[in-house]
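Just so you know, ligand 1 is whichever comes first in the structure, and atom 1 is the first atom listed for that ligand. Note that these values count all heavy atoms, side chains included, but never hydrogens, waters or copies made by symmetry.
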Amino acid sequence: MKITAINLYQIDLPLHEGRYAWSGGNSVDVFDSTVVEIETDAGITGVGEVCPLGPAYLPAYAEGARAGLEVLAPQLLGQDPTRPMQISHFMDQAMRGHHYVKSPLDVACWDLLGKASGQPVCHLLGGRYGDDVALYRAISQQSPAEMAERCQHYQAEGYTKFQLKVGGDPDTDIERIHACADVMRTGDTLVADANTGWTQHGAMRVVSAVADLDVYIEQPCPTYESCLQVRQSTARPFVLDESIEGLPPLLRALADGAMDVVNIKIAKVGGLTRAHRLRDLCAEAGIAMTLEDTWGGDVVTAAIAHLAHSTPEAMRFSVTDFNSYVTQDFAAGAPRRTAGRLAASTAPGLGVELDHSALGAPFWRTAT
Ligand code: MG
């Protein structure tokens, strides 16, 4: 099979809640997503999606994804997309770094391998563990009372895992964590995710003020070294996210015992090829994972579902379904949550079909 053309689409994804706010006063009202469609000489197409959490989160931004794709995509024409690991290797030779640019191309190749072999992507990544996967809900940064109300709202929709966006003023964050811990039920999971927003001394104050609560602490500070200091000063279970952008930082963190859970985002690490490689390493090491992406819509959510569903249940700490946060659908067959849970499609590939009426015409195309 050979790649004959690659189309790029841009789509705006507004939020049901109007705004998503996290650490450092950052917020997004409308997500800017880029969808990749790979055409082949076999007459089948593969799809991928990349949607950075705005330019202020990781070193990634929507216009950068599109600029990078316009450089990389023409070099994939004529290549066999049913060898996604070889394509991933090729992309690393053709462009240094820029994992998020490569991610939608890599995901589209896994979609094509699945369609060509008649297998859902989760089978290609390792299997299908359980009937479905439990989702977490991110609680946008608001007042303590509003965040506790949002937790209860999503409890009523079936969610049992809640990730609070903290990383603001430490005193207010202590109130946020206490207010939300007060509404947790037996069996619920509460994570306080600072998204790098605290100074080391601020983080030390927060972890001691919540020492008696059943709460996980996620990525308190910008640097790995500060996170490690905080980790070593608290008995609360600890999650690393932004510091773990690939294999070298993961190996260091595993050797240092720097976390109990790690957050693997598909675009952050460069696609499903790397995400499942890191996933398998963490599972072998006994480190559970949050499996997700930076943001996205139907195609990102499908890719997350396949990665999560192919992960042993004990190693699946939490998973999210971004397409339920946004008002715009653009793919038939995308997984939809039921009572706080999600299942990967059983159809070949990712199991999604682009809705071209929602996406409009491609803004860019390369072809043989
Ligand atoms: Mg996080």
Side-chain angles (χ1 to χ4, degrees), residues 15 20-28 31 50-60 99-100 103 133-142 147 150-151 154 159 161-168 170 173 176-177 180 189-199 202-203 206-207 210 215-224 226-228 230-231 234 236-246 249-250 253 258-269 275 278-279 282 287-296 300-301 304 307-308 311 315-322 325:
L15 288 155
Y20 180 76
W22 70 99
S23 69
N26 291 301
S27 66
V28 171
F31 282 93
V50 58
C51 184
L53 182 61
Y57 177 56
L58 289 172
H99 282 158
Y100 72 113
S103 182
V133 302
L135 298 164
Y136 83 80
R137 190 76 191 189
I139 305 297
S140 179
Q141 189 174 111
Q142 293 175 279
M147 290 176 76
R150 286 285 91 189
C151 288
Y154 289 112
Y159 287 93
K161 298 167 186 273
F162 305 90
Q163 190 198 72
L164 310 179
K165 292 290 131 182
V166 287
D173 284 336
R176 290 180 172 119
I177 297 167
C180 295
T189 301
L190 185 65
V191 178
D193 185 359
N195 290 111
T196 76
W198 291 325
T199 57
V206 175
V207 296
V210 302
V215 61
Y216 290 70
I217 303 297
E218 180 162 341
Q219 189 78 36
C221 304
T223 69
Y224 172 78
S226 284
C227 287
L228 188 58
V230 178
R231 150 70 162 177
T234 178
R236 297 299 93 224
F238 203 84
V239 188
L240 282 178
D241 180 352
E242 287 86 346
S243 286
I244 309 297
E245 293 183 76
L250 177 65
M259 72 222 159
D260 304 293
V261 176
V262 64
N263 185 313
I264 296 178
K265 293 182 163 76
I266 295 170
K268 180 178 70 173
V269 301
L278 299 182
R279 184 275 312 269
C282 289
I287 297 296
M289 289 154 275
T290 293
L291 299 159
E292 57 163 344
D293 211 326
T294 48
W295 204 273
V300 154
T301 303
I304 292 169
L307 179 65
T311 302
M315 292 295 108
R316 244 165 25 202
F317 176 68
S318 66
V319 172
T320 202
D321 59 327
F322 289 111
Y325 291 66

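With 3.5 Å as the limit, one finds no donor-acceptor pair spanning the side chains of Tyr216 and Gln163. Between Gln219 and Ser243, the side chains place a donor N or O and an acceptor N or O closer than 3.5 Å (distance only, hydrogens not considered).
Going from atom CG of Leu164 over to atom CG of Asp173 covers 9.0 Å, rounded to the nearest 0.5 Å.
Taking the centre of each ring, Trp295 and Tyr20 come in below the 6.0 Å mark.
Within a radius of less than 2.8 Å around the Mg ion (ligand 1), the protein N, O or S atoms are Asp193 OD2, Glu218 OE2, Asp241 OD2.
Counting only distance, with no hydrogens or angles, the side chain of Thr290 and the backbone of Phe317 share no donor-acceptor pair below 3.5 Å.
Using a 4.0 Å cut-off between charged side-chain N and carboxylate O, Lys265 and Glu292 make a salt bridge.
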